[in-house]
Amino acid sequence: ETKRRLRREGRATVGAPLLVDNADLTVKTLGPCRIDSPLLPLLGERPTTQHYIDESDKVLYDDTASMILERRVELSELPGFEPAGPRRKIYFDPSKTRVGIVTCGGLCPGLNNVIRGLVLELTSHYRVRRIFGFRNGYQGFIARYGHDVIDLTPDSVANIDDDGGTILGSSRGQQDPGEIVDCLSRMNINILFVIGGDGTLRGAREISRVATERGEKIAVVGIPKTIDNDIPYIDQSFGFQTAFGKAAESIRVAHAEATSAPGGLGVVRLMGRHSGFIACYATLAKSNADVVLIPELPFKLEGEGGLLAYLRRRIVEGGHAVVVVAEGAGQELITDQPEGADASGNRRLHDVGQELSRRIKDHFDAEGVEMNLKYIDPSYLIRSVPANPYDSVYTIRLAHAAVHAAMSGRTEMVVGRWRRRFIHIPIGLAVSERNQVDPAGDLWMSVLEATGQPPRFE
Ligand code: ATP
Ligand code: MG
């Protein structure tokens, strides 16, 4: 409660020291690990602790001396994440382990890479023999949808990373966790890997809870997917780098359009429902945007300090302008459209790009200033492309970490990367809040420096 209050009052942001302690970071396990890891031969004659994770080790949460000093605790009590990686002793007997994999929510670059990474690690290193792919998200577990399950083998996943999307399909919409656990027990599945966003992870937590209530030993391990990079306690989510790289191309296009017409104005709408990371990074990657608008910072259109007057000045003085707007920005400006929700209950966003374009046109018309507006919305071009080399590396390493975690009986957790180390995060913590651009932080400062826009339009 104290933590929530501090955050609400803006006195602490995600990742602030002292707000996270070891109790928050503890990961659940199904039981003691008694089986020798079959990875032993892979790692040579004399595997060292560099190869195997010491179960008592942790990845420190704090990373500056001042954060550590502020805690005023013994070194051994400093909070830390469980490090990801192979354990010398594991929980499941690989030859008898049956695994399920499911992808839910929106598309994101790297989904197929994760599926492939899981299957290859499970089969070649742990020698797990049965891996089932469930179709179309959580629907795949529910009999009445009649979706088939796919046998996943090294052959069947060999080149799936060449394409974007997910070979398993995805879906939205609530499914009963009880029915999902029924299906898992009917199929004798021991490990379930879920690849999905905040909604999916909440679902995964329910599945894990129901399984625990029923005394079923099922490990539920998530690989968090968010193209918006809005999951906390993770340096960067997979697919994010691919996404903002692709998004930067749209800014380049908008700039070319804007500079090629009298009074040219390019408006680019990018992803980012609650967090403006894609807009910020894409802008920094291709720094010819003049204004970036993100959900974290409300802005005013009218008045001397408003966006419209600023754009007019830019066009009159410089001849052209480019505006990058994250899809969740400026929602408060649109009051004349009905509210709606998708099948999973997520609020439908109004199209801020269209609305902004309309208001900008009206303004220039009223002021009698010539302006040529080009509106660019690349959304599907961004989320459905294959992962770039960086994200391909990242996804395969996340997949390896997820397999090691699950084989050692961890459950109700996701894998992530914190200060460049792979770690385990309890699902509860991963969905407890959102990672957002800090308007007082150094990322936003860089954006302001790159665009030259005022800190606020007010
Ligand atoms: P994205 O943010 O990319 O859309 P997501 O995982 O959040 O990904 P959703 O459509 O919100 O996508 O949810 C995916 C699945 O998780 C759906 O089947 C949905 O019913 C289920 N789900 C969402 N929220 C919850 C919740 N609070 N409890 C249980 N299940 C949930
Ligand atoms: Mg979501």
Side-chain angles (χ1 to χ4, degrees), residues 100-112 114-115 134-145 147 164-166 168-181 183-184 192-213 220-232 234 236-240 242-244 270-278 295 326-328 331 340-349 379-380 382-385 387 391 395 412 414-416 425-436:
I101 303 179
V102 66
T103 52
C104 314
L107 295 185
C108 173
L111 290 169
N112 282 336
V114 176
I115 297 169
F134 289 86
R135 301 296 310 266
N136 298 326
Y138 287 141
Q139 284 183 4
F141 299 96
I142 311 291
R144 82 174 171 279
Y145 289 99
H147 299 313
T166 157
L168 298 178
S170 185
S171 70
R172 298 193 189 276
Q174 204 68 35
Q175 307 302 339
D176 175 21
E179 278 183 71
I180 296 176
V181 177
C183 172
L184 294 171
L192 176 64
F193 291 107
V194 281
I195 312 166
D198 54 338
T200 306
L201 298 178
R202 289 199 171 86
R205 185 171 51 170
E206 292 309 311
I207 296 170
S208 167
R209 281 193 184 150
V210 173
T212 308
E213 268 164 36
V220 181
V221 171
I223 298 93
K225 167 209 73 90
T226 153
I227 203 166
D228 294 347
N229 196 36
D230 57 0
I231 295 190
I234 291 177
Q236 214 171 69
S237 53
F238 77 78
F240 174 71
T242 306
F244 79 72
L270 296 177
M271 295 177 139
R273 290 179 59 87
H274 306 278
S275 308
F277 289 105
I278 291 186
E327 59 183 334
Q331 292 295 309
D342 71 12
S344 295
N346 302 303
R347 187 166 66 91
R348 274 200 205 288
L349 294 176
S379 65
Y380 292 109
I382 290 179
R383 56 176 230 169
S384 53
V385 300
D391 278 324
T395 43
E412 222 178 295
V414 299
V415 287
I425 308 166
I427 287 186
L429 188 67
V431 298
S432 64
E433 57 198 323
R434 249 186 211 111
N435 190 25
Q436 289 192 305

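Atoms within each ligand, like the ligands themselves, are counted from 1 in listed order.
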| said: Pairs of nitrogen or oxygen atoms closer than 3.5 Å, one from Q175 and one from ligand 1: do any exist? | reply: no
Distance-only donor-acceptor hits, side chain of residues 197-204, under 3.5 Å, sequence neighbours excluded:
unit_1, atom_1, unit_2, atom_2, d
T200, OG1, G197, N, 3.4
R202, NH2, V431, O, 2.9

| task | Starting from the C-alpha separation in whole Å, work towards a yes-or-no answer on side-chain contact (heavy atoms from CB on, under 4.5 Å) for Y145 and S171. | result | CA-CA 12 Å; Y145 289 99; S171 70; over 6 Å; no
| message | Tell me if a side-chain donor or acceptor on N435 pairs with a main-chain N or O of N229 at a distance below 3.5 Å. | response | yes
| Checking S237 side chain against T226 main chain: does a donor-acceptor pair fall under 3.5 Å? | yes
| query | For atom 4 (O) of ligand 1, which candidate among Q174, R172, R273, M271 provides the closest heavy atom? | reply | R172
| request: Could you tell me whether ligand 1 has any atom less than 4.0 Å away from a heavy atom of K225? | output: yes
| query | Which atoms of ligand 1 sit under 4.0 Å from any heavy atom of G197? | reply | 5 (P), 6 (O), 7 (O), 8 (O)
| Does the S344 side chain pair with the main chain of N346, one donor and one acceptor, at a distance under 3.5 Å? | no
| said: For atom 13 (O) of ligand 1, what's the nearest protein heavy-atom neighbour? Residue, atom name and distance, please. | reply: S344 OG, 3.6 Å
| message | Give the atom numbers and elements of ligand 1 that come within less than 4.0 Å of a heavy atom of N346. | response | 9 (P), 10 (O), 11 (O)
| task | List every atom of ligand 1 that sits less than 4.0 Å from any heavy atom of G105, numbering the atoms from 1 in the order shown and giving each element. | result | 8 (O), 12 (O)
| So, for T395 and G110, which heavy atoms are closest and what is the spacing to 0.1 Å? | CG2-O, 3.7 Å
| said: Please give the atom name: the N, O or S atom of D198 nearest to the Mg ion (ligand 2). | reply: OD1
| said: If you take the nearest heavy atom of each of R202, R383, R205, which one is closest to atom 27 (N) of ligand 1? | reply: R202
| query | Which of the listed options, I227, T200, D198, holds the heavy atom that is closest to atom 6 (O) of ligand 1? | reply | T200
| query | Between E179 and F141, is there a donor-acceptor pair closer than 3.5 Å when you use the side chain of the first and the backbone of the second? | reply | no
| Among T212, I180, V102, which residue meets the side-chain contact (heavy atoms from CB on, under 4.5 Å) test with I207? | I180
| Option with minimal heavy-atom separation from atom 19 (C) of ligand 1, where the choices are S171, G345, G173, G199 | G173
